[in-house]
Amino acid sequence: KAGVTQTPRYLIKTRGQQVTLSCSPISGHRSVSWYQQTPGQGLQFLFEYFSETQRNKGNFPGRFSGRQFSNSRSEMNVSTLELGDSALYLCASSSDSSYNEQFFGPGTRLTVL
Amino acid sequence: AQSVTQLGSHVSVSEGALVLLRCNYSSSVPPYLFWYVQYPNQGLQLLLKYTSAATLVKGINGFEAEFKKSETSFHLTKPSAHMSDAAEYFCAVSREGAQKLVFGQGTRLTINP
């Protein structure tokens, strides 16, 4: 079974731009969560989608948004990029009945200049 | 609210020595607890999980952890360290029915030859 895939793996943007990151979950998984990882703040939960609905949201500004499609693939969008948005963005998928066990993708490394 | 504290941001042991990584949690509801490992430039890989079954949990690569409710701890151990164990380790907590993981700040494990 293929794992969680994320595209692109690396991205360089400038301040003020917007960016879209993509995540394809493991086949059959309907829950997709997003996390931001930075050296200063560590791993922080952004949001979770299940069956195309946002089910939970972390404490991030409205510039961070996401969506999920009918095939469970998910995208997250960051608008008006700031230098502090530079991070590794990790996507995780889960089959809702698996005691919250989440499988992580390799991440997208975003650098904002 | 749930939180996780990992004692020691950096642990160094000799090859063949005992590995002990400490994790304490705070949760107002019965927790689900996880240990993840992250190798450089990769996502997170699940080592083991506690979901209210056996308190001693065995994971992959020879790791195990013991859930101690009285001490609110979930320390990770491995009897004999191997060079390939060098990585960053994260303890995380969630609650039943919620996919949101709350992570500790991580512990970087270094193995000395």
Side-chain angles (χ1 to χ4, degrees), chain A residues 3-7 9-10 21 23-26 29-51 53-60 66 68 72 74 87-109, chain B residues 1-10 21 23 25 27 29-55 57-60 65 67 74 87-108:
Chain A
V4 177
T5 58
Q6 292 187 245
T7 57
R9 290 293 311 278
Y10 301 91
L21 312 181
C23 171
S24 292
I26 291 172
H29 286 188
R30 294 193 296 165
S31 170
V32 174
S33 298
W34 289 89
Y35 294 83
Q36 181 196 65
Q37 185 177 23
T38 60
Q41 298 299 316
L43 281 154
Q44 294 186 286
F45 172 79
L46 279 156
F47 28 64
E48 182 224 349
Y49 286 86
F50 180 79
S51 292
T53 301
Q54 187 181 87
R55 193 159 67 169
N56 205 345
K57 188 178 189 306
N59 189 26
F60 278 81
Q68 187 180 33
S72 294
S74 177
L88 181 66
Y89 289 89
L90 293 164
C91 166
S93 77
S94 172
S95 70
D96 211 36
S97 61
S98 62
Y99 297 104
N100 301 13
E101 180 174 340
Q102 295 185 39
F103 297 84
F104 283 80
T108 294
R109 172 76 61 186
Chain B
Q2 297 178 306
S3 66
V4 173
T5 301
Q6 291 184 239
L7 298 175
S9 59
H10 193 181
L21 304 182
C23 171
Y25 70 91
S27 179
V29 297
Y32 287 176
L33 293 159
F34 306 83
W35 275 99
Y36 282 88
V37 61
Q38 185 177 35
Y39 297 100
N41 298 315
Q42 294 188 27
L44 302 176
Q45 180 183 11
L46 181 67
L47 282 175
L48 48 80
K49 63 185 179 187
Y50 166 77
T51 56
S52 75
T55 56
V57 181
K58 293 188 184 300
I60 62 171
F67 172 71
F74 191 57
E88 187 143 22
Y89 292 78
F90 293 92
C91 182
V93 64
S94 70
R95 59 177 175 80
E96 184 177 5
Q99 296 296 330
K100 174 183 175 181
L101 289 171
V102 176
F103 286 91
Q105 284 298 99
T107 297
R108 183 168 300 279

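As the structure is a prediction and not an experimental result, all values here were calculated from the model.
- When heavy atoms are compared at a cutoff of 4.5 Å, B:Q105 approaches chain A solely by way of its side chain, counted from C-beta outward.
- A donor-acceptor pair under 3.5 Å is formed between the side chain of A:Y35 and the backbone N or O of B:L101.
- For chain A, the nearby part of B:L46 is the side chain; its heavy atoms alone come within less than 4.5 Å.
- Only the backbone of A:Q41 comes within contact range of chain B, judged by heavy atoms closer than 4.5 Å.
- Scanning for salt bridge (charged side-chain N to carboxylate O under 4.0 Å, His left out) contacts around A:R9 gives an empty result, with sequence neighbours left out.
- Here the NZ atom belonging to B:K100 is positioned 12.0 Å from the CD atom belonging to A:Q102, to the nearest 0.5 angstrom.
- Taking CD of A:E101 as the start and CZ of B:F34 as the end, the distance is 7.5 Å to the nearest 0.5 Å.
- In this structure B:K58 satisfies the salt bridge (charged side-chain N to carboxylate O under 4.0 Å, His left out) test together with B:E64, sequence neighbours excluded.
- The shortest distance between side-chain heavy atoms of A:L43 and B:Q38 does not fall below 4.5 Å.
- A:F47 does not touch chain B: none of its heavy atoms, backbone or side chain, sits under 4.5 Å away.
- Under the side-chain hydrogen bond (donor to acceptor under 3.5 Å, both in side chains) test applied with B:Q99, the options A:S94, A:S93, A:S33 reduce to a single match, A:S94.
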